[in-house]
Structure formats: C-alpha cells, structure tokens
Amino acid sequence: MIEDGTFAGEGLTVLQTLTYFVIAPTVLFLGISFFAYITAKETRSKKKAKPVSLTHIE
C-alpha cells in the first residue's frame with residue numbers, strides 16, 4: 001500500500017540483486033566457515049591424540 005506523497009525509488013539491477021542477495025552472503029558464509037574450520041582443526045587433532053576413557057575401551 002502506497003501512502004499519500006510517497007514515491008517508489010529505482011529498482012535494483014540484476015547485477016546488484018545477485019551481488020546483495022547471492023554473492024555477498026555466500027562469500028560471508030564461506031569465509032566464516034573457513035575460519036571456524038581452521039580454529040577447530042587444532043581441537044580435533046588434540047582429541048585424536050588422546051582417547052577419552054568414556055569413548056575408548058582399553
């Protein structure tokens with residue numbers, strides 16, 4: 001519903017739409033995932049070195 005005295009602005013181009021709603025979120029997701037993977041890699045390697053008694057039968 002358009003109110004009195006308001007006008008719609010220009011629409012986005014196809015390139016702007018793809019950039020804002022597809023490319024930027026994908027790049028952010030991949031960047032955050034990469035840093036999370038790198039920081040968790042040290043934790044995973046420490047867990048493999050010494051098994052926990054709850055998950056390992058001697």
Side-chain angles (χ1 to χ4, degrees):
M1 181 173 185
I2 298 177
E3 298 179 11
D4 292 334
T6 59
F7 298 99
E10 291 185 24
L12 297 175
T13 64
V14 173
L15 182 61
Q16 288 174 326
T17 303
L18 286 175
T19 302
Y20 296 154
F21 299 108
V22 178
I23 296 171
T26 303
V27 168
L28 286 172
F29 175 78
L30 292 174
I32 293 169
S33 299
F34 174 75
F35 286 118
Y37 177 78
I38 294 301
T39 57
K41 188 175 183 180
E42 295 174 2
T43 305
R44 285 192 307 270
S45 65
K46 289 179 184 176
K47 286 183 180 179
K48 289 182 181 179
K50 182 180 178 186
V52 179
S53 62
L54 294 175
T55 60
H56 180 70
I57 299 175
E58 294 181 4

Share the residues that join Y37 in a hydrophobic cluster, the rule being Ile, Leu, Val, Met, Phe, Trp or Tyr side chains under 4.5 Å apart at the heavy-atom level. F34, F35, I38

Distance-only criterion, 3.5 Å: show the donor-acceptor pairs between side-chain atoms of residues 12-25 and protein atoms not counting sequence neighbours.
from, atom 1, to, atom 2, distance (Å)
T13, OG1, Q16, N, 3.2
Q16, OE1, T13, N, 3.0
T17, OG1, T13, O, 2.9
T19, OG1, L15, O, 2.8

Under the side-chain contact (heavy atoms from CB on, under 4.5 Å) test, which residues partner L28, sequence neighbours left out? none

